[in-house]
Amino acid sequence: MAVARMDEAELRKCITQIQLDQSLNDAEKAKKRQELLSGRWSQPAVKDTDEAATGSLDLTSCPGKDAADETTIFDETLKCAMCMDLCARPVTAPCQHNFCLGCFNKWVAQGKKTCPTCRHAFPAKFASNPRINTLLASAIRMAKLGQRPVNTKIVVHINDKDRPDEAFTTDRAVRSGRANAASGRIMVTVPGDHFGPIPPEADPRGTGIRVGEFWKDRLDCRQWGAHFPHVAGIAGQSGQGAQSVVLSGGYEDDLDEGEWFLYTGSGGRDLSGNKRVNKIQSFDQTFDKMNKALLISCEKGLPVRVVRSHKEKRSAYAPSEEQPVRYDGIYRIARAYRKPGTQGQLVCRYVFIRCENEPAPWSSEDSGDAPWTGSLPAAVQKEIKEAKGKVYEMGAKPWDYDAEKKEWGWARPAPVSQKQGGDASSSPKKARRKANEHERAMREFTCTLCKGILAQPLSTPCGHHFCKPCLLTNFQGQGDIEDRATNAGRALRERKVVKPCPTCKADIAEFLQHGQVNR
DNA sequence: CTCCGATTTACT
DNA sequence: AGTAAATCGGAG
């Protein structure tokens, strides 16, 4: 079962918080708020009544909008003790004090190791790898929205009965209490090669996959269509492009700055002996397979869905363990190139830049991404100098920013799917089998020359089927023997005309002379 | 914590 | 048909 969406959970907490605030005294309020902001808040004791489960929440009528309540939520706990401003990309220290990620990193870089508020020492692990408190970021966003004097209406959907059943077909799945890998139903109706966001109309809940939605593992993520492969980090086809990637921290020199990151291609690693750990880069990566797919997405300026896993250990933008696999929105690939990796072999590198309408889970702003202006980040420029060979740049941009609407979207039509769409009512296996059967039947009974149903079917010795009239028309005007006597004025022996099968090019001249209609 | 077998899918 | 894939969970 999928974990409830982050924004739902957050909203419920915020709503509950605001409701509680009205019945609490100041000391209790402060305590509750601290719990909320530190991310240790236990499940609110709100009943899942139908109205609470699926309904709309009008924030204009929310108490958070009142001036008195604004002061309670915009108090110093939301402010960074280093810059005294509202936290941007907030991190929460184990001592429960909050800072901007940038301020905190500067503080640590200056060699300071204690909290400016309470003087407690920061644990080394936290100092070296702070992780953004997305709950607090969301609370700040919500507070800002509540402050806004417009009729912002947010639809809240919590409907557990819509969640998929888990499927168990192997002993292992039963033993572990987990669905087999990828055996769960695909809940969305998009095909595997769908580019761009998962829209509301493809989602049985009617919401679409929203930024901040999270799942307990890759299998659940797959069921909701954000990223289909259950192990692989890149979803794509070498002929079409890549639809999605997962950031999981598998590559040492990957760099994650939230709105942009550097991603490494796949392959070139020694996987012999079932080594899934201690993988070593043993040969150069090339722009083929999935790496080619990413390159196409770069060159075509296609949107790529990005999913972050909590296993991404070195990134402040990785989700917490409570949100193991999180959807972070749409990115495009600004550059693609190869450069020497940590072990010397060439690796394919991609510069991802966010282009999403919804605010990032780590953002304290309530808006999505502005179009990227100016130059690439310094770290990217530095790395591109080490690039070997061609540096590919983002080309045509079917997914682009509409300056009038002030939002990202399809400026030109999305690529057409080459696959059968997901089917919310049947298993992917069944759907595929059905698709394959259909495809095979179509091949059996369709003439590739006229694209229609076979009329007077002829089956060639090489096993291909055509309408008799189509095939005869195809070789019209060609005799069976080529008279080459006039060729260049020299006397040449006559030669049998080769008549290649339109499908496989095998010579079917002999067959055409004595062809029979296939009943 | 590390190691490792089981597992399933989709690409080629 | 072969096999790579940025996983998962159990064992030590």
Side-chain angles (χ1 to χ4, degrees), chain A residues 125 166-186 191-194 215-223 225-256 261-283 285-294 296 304-315 318-319 321 324-326 328 341 347-350 352 417-420 422 427-433 435-436:
Chain A
K125 199 178 160 194
E166 292 180 349
F168 304 92
T169 57
T170 63
D171 287 348
R172 184 173 187 256
V174 174
R175 224 183 312 127
S176 62
R178 297 284 303 112
N180 322 346
S183 65
R185 292 196 294 163
I186 303 297
D193 57 353
H194 167 82
W215 305 275
K216 75 173 179 299
D217 56 28
R218 288 281 298 271
L219 306 185
D220 275 337
C221 172
R222 168 188 161 78
Q223 289 190 287
H227 184 80
F228 284 99
H230 102 281
V231 175
I234 305 167
Q237 305 75 36
S238 58
Q240 279 190 88
Q243 293 83 27
S244 54
V245 296
V246 177
L247 276 76
S248 194
Y251 288 87
E252 286 245 316
D253 50 356
D254 278 4
L255 179 59
D256 187 4
F261 59 88
L262 289 169
Y263 195 77
T264 304
S266 60
R269 302 162 106 180
D270 184 9
L271 299 176
S272 59
N274 202 4
K275 285 189 194 102
R276 293 290 180 255
V277 193
N278 294 334
K279 286 162 280 210
I280 38 168
Q281 200 73 35
S282 50
F283 49 94
Q285 289 184 357
T286 52
F287 281 119
D288 64 354
K289 300 178 182 172
M290 293 302 128
N291 297 345
K292 174 75 176 175
L294 282 173
I296 291 173
V304 184
R305 293 186 298 275
V306 169
V307 169
R308 278 187 178 78
S309 154
H310 74 284
K311 291 186 176 170
E312 194 190 13
K313 292 295 182 202
R314 293 176 303 277
S315 167
E321 274 180 59
V325 179
R326 185 187 68 202
D328 285 349
V347 293
C348 298
R349 296 282 275 179
Y350 305 90
F352 279 72
S417 168
Q418 307 292 109
K419 294 186 182 185
Q420 184 82 357
S427 77
K429 241 182 192 168
K430 274 186 197 161
R432 197 180 50 167
R433 199 179 306 140
N436 285 347

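Computed over heavy atoms, backbone and side chain alike; hydrogens, waters and symmetry mates excluded. Chain letters run A, B, ... following the sequence lines, proteins first, then strands; residues in each count from 1.
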Identify the heavy atoms of A:I296 and A:G239 that sit nearest to each other, and give their distance. CD1-C, 3.8 Å

Mind checking whether A:F261 and A:F352 have parallel, tilted or perpendicular rings, split at 30° and 60°? parallel

According to a strict under-4.0 Å criterion, is A:S238 in side-chain N/O contact with OP1 or OP2 of B:dT12? yes

Tell me which nucleotide, if any, is Watson-Crick or G-U wobble paired with B:dT2 when both distances must be under 3.5 Å. C:dA11

DNA chain C nearest-nucleotide lookup for A:K289 and A:R218: closer to the 5′ end is A:K289

Let's see if you can work this out: which of B:dC11, C:dT7, C:dA6 has an atom nearest to the side-chain heavy atoms of A:Y251? C:dA6

Residue A:A232, side-chain heavy atoms: nucleotide from C:dA5, B:dC11, C:dA6 that is nearest: C:dA5

Have a look at A:I234 and say if it touches a base, only the backbone sugar-phosphate, or nothing, with a 4.0 Å heavy-atom cut-off. nothing

Tell me what A:D288 touches on the nucleic acid: a base, only sugar-phosphate, or nothing, going by heavy atoms under 4.0 Å. nothing

Roughly, in whole Å, what's the span from NE2 in A:H230 to P in C:dG9? 10 Å

State whether A:K292 places a side-chain N or O below 4.0 Å from either non-bridging phosphate oxygen (OP1 or OP2) of B:dC11. no

Within the 4.0 Å heavy-atom criterion, would you say A:G249 contacts the bases, only the backbone, or no part of the nucleic acid? base

Within the structure, does a side-chain N or O atom of A:S266 lie under 4.0 Å from either OP1 or OP2 of C:dA5? yes

Between A:Q243, A:K419, A:Q240, which is the residue that forms a side-chain hydrogen bond (donor to acceptor under 3.5 Å, both in side chains) with A:D193? A:Q240

Do NZ/NE/NH1/NH2 and the carboxylate oxygens of A:D253 and A:R349 come within less than 4.0 Å? yes

Searching all strands shown, indicate the nucleotide that pairs with B:dA10 (Watson-Crick or G-U wobble; both distances under 3.5 Å). C:dT3

Just call it for A:E312: base, sugar-phosphate, or nothing, with non-hydrogen atoms closer than 4.0 Å on any strand. nothing

Determine the minimum heavy-atom distance between A:V325 and A:V307, stating which atoms define it. CG1-CG1, 3.3 Å

Taking only the side-chain nitrogens and oxygens of A:K419, find out if one of them lies under 4.0 Å from OP1 or OP2 of B:dC11. yes

Options B:dA10, B:dT12, C:dA6, nucleotide nearest the side-chain atoms of A:R222: B:dA10

Is the distance from OP1 or OP2 of C:dA6 to the nearest side-chain N or O of A:R314 less than 4.0 Å? no

